[in-house]
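First up is the structure itself, then whatever we jot down about it.
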Amino acid sequence: MDKKLSYYISAYKTQLISGDIQIAYEKLLRYLMFLKTHCEKVFINEYSFGHISPGYMDFSYFPFFNDFLKTEKLRFGIVLNHKKLRFELWLF
């Protein structure tokens, strides 16, 4: 059985008061920004890059594509999977 919303709100509030989640989230997104900037410099002539989507503490990502992928209406994405705390490469 699911816990009541009031339980989750209380747990959320407790975590927010400590400030650790906000700091971790900010640092992870800053790293994702750094990674995007680095990729843009390294692959400047090979790929185009989209904006970072910060997500809702589930997935944060930025897309990138070349001419072939664009014609196929596909994108690669460097995805930060928050739940598994790892970076993943997705094709979408």
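Taking the side chain as every heavy atom from C-beta outward, S10 and Y12 never approach each other to under 4.5 Å. Contact annotation: the side chain of P63 approaches that of F92 to within less than 4.5 Å [non-hydrogen atoms, C-beta and beyond].
Around OH of Y7, the count of heavy atoms belonging to other residues, nucleotides or ligands within 6.0 Å does not exceed 12. Open room surrounds CD1 on I44; 12 or fewer heavy atoms of other groups in view lie less than 6.0 Å from it. Around atom OH of Y8, more than 12 heavy atoms belonging to other residues, nucleotides or ligands sit under 6.0 Å away. No more than 12 heavy atoms of other residues, nucleotides or ligands lie within 6.0 Å of CG in D67, so this atom counts as exposed by the packing criterion.
Centroid-to-centroid, the aromatic rings of Y31 and F87 come within less than 6.0 Å.
Under the 4.5 Å side-chain heavy-atom criterion for ILVMFWY residues, a single connected hydrophobic cluster contains both L28 and L35. A continuous path of Ile, Leu, Val, Met, Phe, Trp and Tyr side chains, each step under 4.5 Å between heavy atoms, connects F62 with V42, placing both in one hydrophobic cluster. Tracing side-chain contacts under 4.5 Å through hydrophobic residues (I, L, V, M, F, W, Y), one reaches L85 starting from I21; they form part of the same cluster.
With values rounded to the nearest 0.5 angstrom, C39 atom SG is found 9.0 Å from F34 atom CZ. The CG atom of L80 sits 11.5 Å away from the OG atom of S53 when rounded to the nearest 0.5 Å. Summarising the geometry, atom OH belonging to Y61 is positioned 14.0 Å from atom CD belonging to E88; distances are rounded to the nearest 0.5 Å. Going from atom OG of S18 over to atom NZ of K13 covers 13.5 Å, rounded to the nearest 0.5 Å. For the atom pair K27 NZ and R30 CZ, the distance stands at 7.5 Å (nearest 0.5 Å).
Closest approach of H82 and M57 over heavy atoms only: CB-O, 3.4 Å.
For Q15, the side chain to side chain donor-acceptor pair (under 3.5 Å) criterion is met by no residue, not counting sequence neighbours. Residues forming a side chain to side chain donor-acceptor pair (under 3.5 Å) with E72 (at least two apart in sequence, or on another chain): none. Under the side chain to side chain donor-acceptor pair (under 3.5 Å) criterion, N66 pairs with no residue at all, not counting sequence neighbours. F68 is linked by a ring-ring contact (aromatic ring centres under 6.0 Å, His included) to nothing, counting only residues two or more places apart in sequence or in another chain. Checked against side-chain contact (heavy atoms from CB on, under 4.5 Å), L29 has the following partners two or more places apart in sequence or in another chain: Y25, L32, M33, P54, S60. With sequence neighbours left out, L89 forms a side-chain contact (heavy atoms from CB on, under 4.5 Å) with F64, F76, I78.
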message: Before you tell me yes or no, could you show the steps for L69 and L91 under side chain to side chain contact (heavy atoms under 4.5 Å, CB included), namely the whole-Å CA-CA distance, both residues' side-chain angles and the distance that decides it to 0.1 Å?
response: CA-CA 10 Å; L69 290 169; L91 177 64; 4.3 Å; yes
query: Passes side chain to side chain contact (heavy atoms under 4.5 Å, CB included), I52 versus K36? Steps please.
result: CA-CA 8 Å; I52 290 178; K36 178 182 179 263; 3.7 Å; yes
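A cation-pi contact links R75 to F65, judged by a cut-off of 6.0 Å to the six-membered ring centre and 45° from its axis.
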